[in-house]
Structures are given as structure tokens and as C-alpha cells.
Amino acid sequence: MCGIVGYLGNRKAKDVLISGLKRLEYRGYDSAGIATMESAKLMISKTSGKVEDLISSIPADSHNGNIGIGHTRWATHGRPNDNNAHPHSDNAKKFSIVHNGIIENYNSLKIFLKSKGIVCKSDTDTEVLVQFISYIYSEKKLSFTETVRLALKEVVGAYGIVIMCDYEPDVIIAARFGSPLLLGIGDDEFFVASDSSPIIEYTRNIIFLDEGELAVIKPTGYEVRDINENILVSKEIEKIKYDLEEIEKGGYDHFMIKEINEQAHTVAESIRGRIDLEEMKVMLGGIYDWLPQILDAKHITITACGTSWHSSLIGSYILEELLKVPVKVEYASEFRYRETFVNNDSVVIGVSQSGETADTLAAIRKAKDQGALTLGIVNVVGSSIARETNCGVYIHAGPEIGVASTKAFTAQVVIFNLIGLLLAQRKGVNANICQDLINDLDKMPNLIQEVIDSGHNVLSIAKHFNNVDNFLYLGRGYQFPVALEGALKLKEISYIHAEGYPAAEMKHGPIALIDEEMPVVFLVTEKGYDKVLSNIEEVCARGGQIIIISTMINDELKSYSDHIIQVPKVHHCLQALLTTIPLQLLAYHIAVIKGCDVDMPRNLAKSVTVE
Ligand code: AGP
């Protein structure tokens, strides 16, 4: 949720930390701060607001040290204000810490500290941890490393932390349990970060910290220890696979519109090397070894959150249609705490762009404990869900920076089609459907580009409907999840209340909302055309303002709406790829017209690493 960064080397730590925080800002933007070490003295600057506010608050010519830590916040404990901003320090200002996660037993630790006369200055769980570390240091007279390790053994909850102290001024310690954290290994310099985006401009060499690991970094090198066992852990250095320009705006106003416009390329990347058009065969190396067990599965459950849940709903329709096996879709936050029927005849698929969503990660771990085979559909290479699942498929959408997920959604739908095709071909079923789907998959990048190139039509609709308080999105079958996704996109970046519904469900309640003020988006395809048409008539009869995204244009539809966006017709298992893009653009243009911060919408963060 929050973004944390650390540096130790020969550069000015301030510069590395600030540019790192800018890259991590999509993880939280309630406050920002840095701490650097200079002649064995900690110096802290922090402020509520964005990294830009921090930059303008830092006194010129300050923070000249080569070691430092930084933080950009998504508030969990304590309001977004200067006092609750990170880094936090102990009352003696000898220790300074940045933290991503939630210390669940912070209250009992706080009470313990109070009984020792130590009173915290902020409302945060994080300050309690650094006060506790300082207390152990003064009580037990142990090394910095041993002190931090012992303190962390008392912590309940999730954390990614980086900490420094005056007593050992050339050391930074990083530790992870539940929140992502990785090291960057440069030439005589070391980096720590929540993800690889702050590191790529300096080195491609990274080490992923696993659960319960602590790294001690010194000018001479680093070591990784297991926090509980206090044993050294040897770690493999991996390579960052994407390029710097992929995490730049590339001349676009926002990452979101850049990522929307990238979808012809990202869908091509998600297909590349996975379809043999001569043999009309699908290949997915990441699940190859597990195919027998997947094919024998008696039940499949897909679990995810947010936009990934919407693509999972489409995924369940595809797998049920192609494989004729029962497929359930579960919100990960519900699945992890409910009595669910999962056993070693089950396959549980976890879908996540970031690969770090806490609820989805926990749902996967629960499924594994219950004996299920777990399969990940993930974008971020090396992320926790990718490393936790037994097998999986990367969606290859490239870094997605805009908080509102767009290109990951379309790539996820592609992957569900590929998995469905591979399994159907292995089962020897639905050969005709497979043939049609593979042919249409091959056409998708060009068809997507066509939809993007005609995106200007959407802008005129946005100009018409940016001053409303509510929106309804209605679709049937494969278009129902698209309605949900369209509503989510509009909600999260324009703050307009919006709901997606199965079109027929409208009569059972939501139709009461329809009046002249209510714009209603209909997703119309040949499948169920007559049924959707009667739903359009019902809305029209109540004066609703109709917007139509459709695979066809005809006088009938024109008689109901002046706002019709036509998209090419493809196999219904793939149609969502083309009907979703105009909805992404509609939300984007409405949010821009309203002057919203499209890439960093209020109260949101790109990857939800806390419960
Ligand atoms: C979507 O635009 C949102 N950013 C959010 O709903 C997101 O899809 C959800 O948090 C799941 O994220 P994940 O795919 O990284 O797990």
C-alpha cells in the first residue's frame, strides 16, 4: 500500500530517495518523507501531501548523507497529516523507520511502552514499532541487527520496513513479513524498495525478500537472515525484465491513457509465443507440468479483488463453456475467511495485476493449506502471488502505473481464453469453438487498435455526461462483468457513483433509479440482442439517457440513443476486450474534464497490501 525505499552508497541519498518515491507514489500519496544519516546524525523531513510537497519542504543544501530511507503513505492508522507522516523515530531520535503494512498488536505494545514511561507522539502503529525497538536496544544492549530481529519476533501483522540508527550509522536494515520488499544490488551501492520501479535506473540486479526475512546492508555488502531462526539465507539475484521507458509517461498526460492506448501491443504480448497458428495449438509453459492435475480437477475456484475479480468472472464463463466443469468466482477477502469447499481435487486460480494484493495472497495460501493446486494469473514478475502459487501464467502487460487498472484487465481476459483453449484441446472438446477463438485471438491486436483509434467518439459523450451524480451500466452474459468494470473505472477516477448490473436484474430494483438525470450505458452484442433491446425500451420509457456500446449499428438502436459507439464483433469469449475499452476511455475523459487526479485518485492505491 505505502511505498518504501532505502539507499546506501556513494550518491546523495536524498536524490535517490526522492526519485524513488516519485516512482512509488502510485502506492499511496497521503504524505511523504525521508531520513538521511549525516556524520552519524539522523535528519528527517516529512510532510502530508504528495512527493512534490515534500520536495518543496526540504531546506536547500540539507540531507547530504549517502545513506537514507524514504516513504510515501497510504494512511491506515492515523489521519493523513504531518505528525503521522513517515519516517517515524523514537523519542530520543536515535532510530528512524519507514513501514508498509499494519502492526496488528500495536495497541498492546503501546500500552506496554506507556507502562515504561514511553509515550508515542503520533497515532500510527509504525511509531510504536520504532519506540519498541529503541526500548529493547536500551534494555538489552544488543547489536542493532539483533535488537530489530528480537523486536520483530514480538510483532503481529504485516510489515515491510527499512530502519536506520545513530548507533550504527553505516547500516540499514530491511525486513519483510506480509508486505513486498526487494533489494537492488548495484556497484558498491545498495537499494531497498517496495517494488523494482525505483531501482531500474541504477541496476537490474534484484533480490526478493521472502516472508520472515531480514537484510542487513553495510558499505561492505549485505546478508539476509531468517528472523525467527536467526540463520543466514542465501538468495538468488534476479534481473528486472522491463525497461525504464515502460514506467515513464512517454509524452502522455497520464499513465492511464498511455496504458489504455498500449492495449493493442500488450494484448499482442500476452498472446506472443503462446499460439501456434499452423498447428492451431495453445502453449502455456507455466502450467505445462501441472496439466494432468488441472485436467482432473473436480472443481475450479477463481479468487481475486477489484478489476481482477471482473476479469475472473469472464474467466469463469469461458472455462465453464469450454470445459463443462463447475467454476466459482470468489472475492478473495470473503474466500479467505469463509468455510469453503476446497480440497486436493480443487484448482484455485488467483488473479492479480500486482501479485501483492494481501487478500488474494492469503486466499491462495489458504487454498494451498487445504490441498488445492494453486495457479496464478499475474502481471508483476517475481511478485508474492507468482512465487506462492504452484504454477501460473504471466499476463505480460508490462508495468501498470495508473491506479485504475486497464491493460491488465484485457490481458487477463486473454489469458483466461488461452487457459480455456489449452485445457479444451487437451480434453479434445469443442474443437470448432477452439478454432474460431484462436482465429479471433490472432486478430485482436488490430481490432483493439481500431477501437482505440475511434476513441474520439467517446470524448464527445464524456463532454455530454461529465456533470452527473450517477451512472448505470447494464449488460447480459459476458457483457455483465464488462458493465461491472465500466462502473468501477468511472467510480474510482471521477468519483461519480456508478453501478453495473445484469441488464435483466434492473427490473428487480435499480429501475427505480431511472429518471431524466440518469445516464445508462448498455452493452449490446448479437448474443441476447432482443432481450437487451427490451431492457433499453424499459429505460427509455422512464426517460433515462442511453449510451450504447455495440457490435452493431442499426436504426432501432439509433432510435433509442444519440450516443452509440460501435466496436468490431468477435467471438463472445473475447468480445469483452473490445467493449471494455470505450468504457475505460469514457471514465478517463469524464475524470479529466472534471479535473480529477486520474493517475492518483483519492483514497486509492495501486496495490492493496493490507487487509
Ligand atoms: C482497479 O482499477 C483497482 N486498482 C483495483 O480494484 C484493483 O483491481 C484491485 O485492487 C486488485 O488489484 P490486483 O489485480 O493487483 O490484485
Side-chain angles (χ1 to χ4, degrees), residues 1 3 25-29 74 179-180 194-195 197 254-257 259-260 263 266 270 302-315 329-336 349-365 376-389 392-413 415-416 481-482 484-495 498 500 580-581 583-588 591 596-611:
M1 212 86 180
E25 202 161 21
Y26 66 99
R27 303 176 64 90
Y29 24 88
W74 190 88
S179 300
S194 300
D195 64 43
S197 58
H254 301 99
F255 282 107
M256 184 180 178
I257 191 66
E259 288 155 7
I260 290 173
Q263 291 178 97
T266 50
S270 63
I302 311 174
T303 188
C305 305
T307 285
S308 295
W309 189 87
H310 296 151
S311 66
S312 299
L313 193 53
I314 296 173
V329 183
E330 296 267 5
Y331 281 113
S333 54
E334 292 297 310
F335 179 80
R336 65 180 293 188
I349 302 176
V351 182
S352 175
Q353 185 287 126
S354 61
E356 300 293 353
T357 299
D359 284 323
T360 310
L361 181 58
I364 288 286
R365 288 182 174 145
I377 296 179
V378 171
N379 191 32
V380 177
V381 175
S383 56
S384 304
I385 292 172
R387 287 183 287 124
E388 188 71 37
T389 41
V393 184
Y394 281 124
I395 68 171
H396 296 320
E400 188 177 68
I401 310 290
V403 169
S405 184
T406 53
K407 61 179 183 174
F409 175 81
T410 46
Q412 287 162 352
V413 173
I415 299 305
F416 275 117
V482 176
L484 292 173
E485 180 56 12
L488 177 62
K489 289 286 94 76
L490 188 71
K491 270 184 276 206
E492 63 181 326
I493 62 171
S494 76
Y495 319 140
T580 305
I581 294 173
L583 303 186
Q584 296 168 344
L585 289 167
L586 182 64
Y588 173 76
C596 301
D597 188 335
V598 168
D599 281 341
M600 292 192 262
R602 71 186 184 203
N603 305 342
L604 286 178
K606 183 63 183 170
S607 92
V608 183
T609 54
V610 293
E611 278 193 60

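Being a predicted model, the structure only gives us computed values, none of them experimental. Positions are given from 1, in the same order as the sequence printed here. Just follow the structure's listing: the first ligand is 1, and inside any ligand the first atom is 1.
Assignment of T360 to the shell around ligand 1 is not supported, since no heavy atom sits closer than 4.0 Å. Ligand 1 lies within reach of K489, whose nearest heavy atom is under 4.0 Å from it. At a 4.0 Å cut-off, not a single heavy atom of S607 sits close enough to ligand 1 to count as contact.
Rounding to the nearest 0.5 Å places CD of E400 at 5.0 Å from OG1 of T406.
Nearest approach of L361 to S384, heavy atoms of both residues: CD2-CB, 3.9 Å.
Ring geometry, W309 versus Y331: the interplanar angle falls under 30°, so the pair is classed parallel (tilted spans 30 to 60°).
With a heavy-atom cut-off of 4.0 Å, E492 touches ligand 1 through its side chain alone.
Just one residue in the list L488, I395, I314, I581 forms a side-chain contact (heavy atoms from CB on, under 4.5 Å) with F409, and that residue is I314.
Within the listing of ligand 1, atoms 1 (C), 2 (O), 6 (O), 8 (O) sit less than 4.0 angstrom from a heavy atom of T307. Every atom of ligand 1 with a heavy atom of S352 under 4.0 Å away is listed here by number and element: 13 (P), 14 (O), 15 (O), 16 (O). Listed by atom number, the atoms of ligand 1 under 4.0 Å from S354 heavy atoms are 13 (P), 15 (O), 16 (O). Residue V403 approaches ligand 1 through these ligand atoms, each under 4.0 Å from one of its heavy atoms: 2 (O), 3 (C), 4 (N).
Between A404 and ligand 1, a contact under 3.5 Å exists for no N or O pair.
Looking at T303, its side chain does come within 3.5 Å of a backbone N or O of E330 through a donor-acceptor pair.
Using a 4.0 Å cut-off between charged side-chain N and carboxylate O, E388 and R365 make a salt bridge.
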